[in-house]
Protein chains: 2
Amino acid sequence: MTAHGEGVRDGDAHGAEEPASEQQSSDGVAIPEPQDRAKAIPEAAVARLAVYLRVLSGFAEQEVHTVSSEELAVAAGVNSAKLRKDLSYIGSYGTRGVGYEVAVLIGQIERTLGLTQQHSVAVIGIGNLGHALANYGGFPSRGFPVAALFDLDPDLMGVPVGGIPVDHVDDIPRVCAERDVTIGAIATPAKGAQEVCDRLVQAGVRCVLNFAPVVLQVPEEVEVRKVDLAVEMQILSFHVARRSQETSESTTSEAEAEADGAAQSKTRDVNAGVNPVDGMVVRP
Amino acid sequence: MTAHGEGVRDGDAHGAEEPASEQQSSDGVAIPEPQDRAKAIPEAAVARLAVYLRVLSGFAEQEVHTVSSEELAVAAGVNSAKLRKDLSYIGSYGTRGVGYEVAVLIGQIERTLGLTQQHSVAVIGIGNLGHALANYGGFPSRGFPVAALFDLDPDLMGVPVGGIPVDHVDDIPRVCAERDVTIGAIATPAKGAQEVCDRLVQAGVRCVLNFAPVVLQVPEEVEVRKVDLAVEMQILSFHVARRSQETSESTTSEAEAEADGAAQSKTRDVNAGVNPVDGMVVRP
DNA sequence: AGTTGTGAACCGGTTCACAGCC
DNA sequence: GGCTGTGAACCGGTTCACAACT
């Protein structure tokens, strides 16, 4: 298990071989970093932990104090084995034969995700999406206060959006430093994205959520996540196509025949974890 | 409530309809898909194909008619081996020793993704995000015309947003059928999402892009992709935390001894699946 | 009894490296 | 020479199934 032990990989896959960065000793066998323990939570698991957290918050609100992995799994749309595995990455906080205490789990997941401290967000590009982000209630309520807004448009300068006045992108370094911004959300058109990103990095921002359809070039220590709406749509399109092509023909356009006959059988969720999406940059 | 699993016990979303490959038993034959079709394009590859398509469009605009896998890979932010593998899933349209013809590749990818036909989109929940979606120019230009808008607010009824009048959610079945909507984008608050989703399904919509922070329950034949901004933020938060906690050491990698190749300054991108595109002229 | 935690098997996807063709 | 296409090795993540514990 992960708690101090030899993380021996099974025989099938060659354990060893970590991707570079291993100060492999001169000769001996490559030992899998004994020191670097607590880490190693799979990226996919991290995404799901965020989901579990939201579900747990719901349970907490309903005064539910204890949940089993099965209950939590169903609510989160995953199977219980995976859920337990995910939770095991952050430690052992359950009680066998009983389940998990909601409050404890919430606290531990928050700690793992680094939510115990606030992360101020700056939104760049105050178009439709920028407005949506600035007003999105889900951010502040989850520890991500929007602390700064930027745009190029002179007409927007000083105008408050969601309670925060818009500043000029040239002021990104100064304002971000002043307000201690740690996350930048780029909602500009594709063309200006890289420049905006450079300024954010210059201002010390290490995490970027990119909605613009471009590949951002950033230093190694900066983390970029991309959300591309057009890509999401095309993925759906692919499934539509495959589906109809499988149905032989005539999908029965108005097939309202079954209507609710389907009912909610199972939770068919393609993206068990999280899917990126979107990238809208509208600029009248 | 917890639907205590009586009889259902599923919980696991089997992704495909007919994967059915039960190979737990060791009775010998592997039982290879009886009805093996042209399927089998990895989900992750589909996402990347959409990215390649965008990059290719850029090349086409610049009058570039031929590209090598290496050029395309760099522009798309992936390595060439992966790119070639991805393209091989849709067929062999390259010329050894030369490369790919841009126009041909665009056509083939569009065909694969089902973009040769239009997919009308309905946006439900005309708040900030809904507005952004309704006005997103990237949709219509890529074959996803927004054909209907819905909301609950009486004040919005009939008001045109992005050129399309808002209808009441109660009219989802009728309007969606009339306008042949195939994709529904749910941008409502969490509480109303499931109900809206049910109506969409009832209206025959088989693909849903969900922006609401809830796990939607849908029949097996419906495809749901979820976009959760709060989750994205939390993933970034996790990396911030991990990073700062690692600050105790120098960020620079240890002595690499010798140039062991590799190097390859990759574009640090956390997103495992989709890598952004590159406008190829990202530098003003 | 009931449920967690986790080694081990398993699988999908990525990377390697080279055969095949221009 | 260069570049594509792909089998095979590899790796990370998922699922299984059971030991450990309450």
Side-chain angles (χ1 to χ4, degrees), chain A residues 1-20 32 39-49 66-73 78-101 104-105 272-274, chain B residues 4-5 10-16 19-26 30 39-49 66-73 78-101 104-105 261-262 264 266 272-275:
Chain A
M1 55 85 70
T2 25
H4 312 314
E6 62 293 333
V8 181
R9 277 292 61 102
D10 79 329
D12 199 339
H14 298 173
E17 264 86 82
E18 278 292 45
K39 268 52 294 80
I41 300 180
E43 188 71 25
V46 171
R48 287 189 299 266
L49 283 173
T66 303
V67 288
S68 67
S69 61
E70 183 62 30
E71 295 169 315
L72 191 48
V78 302
N79 68 41
S80 62
K82 186 187 289 183
L83 181 136
R84 287 199 303 278
K85 188 66 141 185
D86 288 343
L87 292 182
S88 78
Y89 291 126
I90 68 174
S92 299
Y93 301 105
T95 305
R96 294 173 199 239
V98 180
Y100 302 88
E101 218 178 307
V104 172
L105 222 42
V274 174
Chain B
H4 63 297
D10 74 316
D12 71 326
H14 281 179
S21 49
E22 52 289 274
Q23 49 199 140
Q24 59 227 105
S25 62
S26 51
K39 43 172 286 180
I41 299 182
E43 187 71 23
V46 172
R48 286 190 300 268
L49 284 173
T66 303
V67 288
S68 66
S69 61
E70 182 62 31
E71 294 170 313
L72 190 49
V78 302
N79 69 40
S80 62
K82 186 187 289 182
L83 181 137
R84 288 199 301 278
K85 187 67 139 184
D86 288 342
L87 292 182
S88 79
Y89 291 126
I90 68 174
S92 298
Y93 302 106
T95 306
R96 294 173 198 239
V98 180
Y100 302 89
E101 218 179 309
V104 172
L105 223 41
Q264 191 101 19
K266 55 201 280 182
V274 185
N275 280 305

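Letters go in sequence order (proteins before strands), and every chain restarts at 1.
Here the nucleotide nearest the side chain of Lys85(B), chosen from dT14(D), dC16(D), dT6(D), is dT6(D). Nearest nucleotide to the side chain of Ser92(B), out of dG5(C), dC3(D), dG5(D): dG5(D). Comparing atom distances between the Pro42(A) side chain and each of dG13(D), dT6(C), dA17(C) picks out dG13(D) as nearest. In this structure, the nucleotide among dT15(D), dC3(D), dC16(C) sitting nearest to the side chain of Lys82(A) is dT15(D). Among the nucleotides dT14(C), dG13(D), dT4(C), the one closest to any side-chain atom of Arg84(A) is dT4(C). In the set dG5(D), dG13(D), dT3(C), the nucleotide with an atom closest to the side chain of Ser68(A) is dT3(C).
Between the CG atom of Asp86(A) and the P atom of dG12(D) there is a distance of 17 Å, given to the nearest Å. Atoms CD1 (Ile90(A)) and P (dT6(C)) sit 12 Å apart, rounded to a whole Å. Between the CD1 atom of Ile41(A) and the P atom of dG13(D) there is a distance of 11 Å, given to the nearest Å. Taking atom CG of residue Leu83(A) and atom P of nucleotide dT4(C), one finds them 9 Å apart after rounding to whole Å.
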For nucleotides 19-22 of chain D, give me every protein contact, N/O to N/O, under 3.5 Å, one pair per line with atom names.
unit_1: dA20(D); atom_1: N3; unit_2: Arg96(A); atom_2: NH1; d: 2.7
unit_1: dT22(D); atom_1: O4'; unit_2: Arg96(A); atom_2: O; d: 3.1

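Closest approach of Ser88(A) to Lys85(A), counting heavy atoms only: OG-O, 2.6 Å. The shortest non-hydrogen separation linking Gly94(B) to Tyr100(B) is CA-CD2, 3.4 Å.
Not one side-chain nitrogen or oxygen of Ser69(B) sits closer than 4.0 Å to the OP1 or OP2 atom of dC3(D). Within the 4.0 Å cut-off from OP1 or OP2 of dT15(C), at least one side-chain nitrogen or oxygen of Asn79(B) is found. For the pair Tyr93(A) and dT3(C), the criterion of a side-chain N or O lying under 4.0 Å from OP1 or OP2 is not met.
Contact of the Asn79(A) side chain with the Lys82(A) side chain is registered, since non-hydrogen atoms from C-beta on lie closer than 4.5 Å.
With sequence neighbours excluded, no residue forms a side-chain hydrogen bond (donor to acceptor under 3.5 Å, both in side chains) with Thr66(B). Under the side chain to side chain contact (heavy atoms under 4.5 Å, CB included) criterion, Ala45(B) pairs with Ile41(B), Pro42(B), Arg48(B), Asp86(B), Tyr89(B), sequence neighbours left out.
Results of the side chain to side chain contact (heavy atoms under 4.5 Å, CB included) test with Leu49(B) over Ile90(B), Leu105(B), Leu83(B) single out Ile90(B) as the only residue that passes.
Side-chain atoms of Thr95(A) never come within 3.5 Å of backbone atoms of Val98(A) as a donor-acceptor pair (strictly under, hydrogens ignored).
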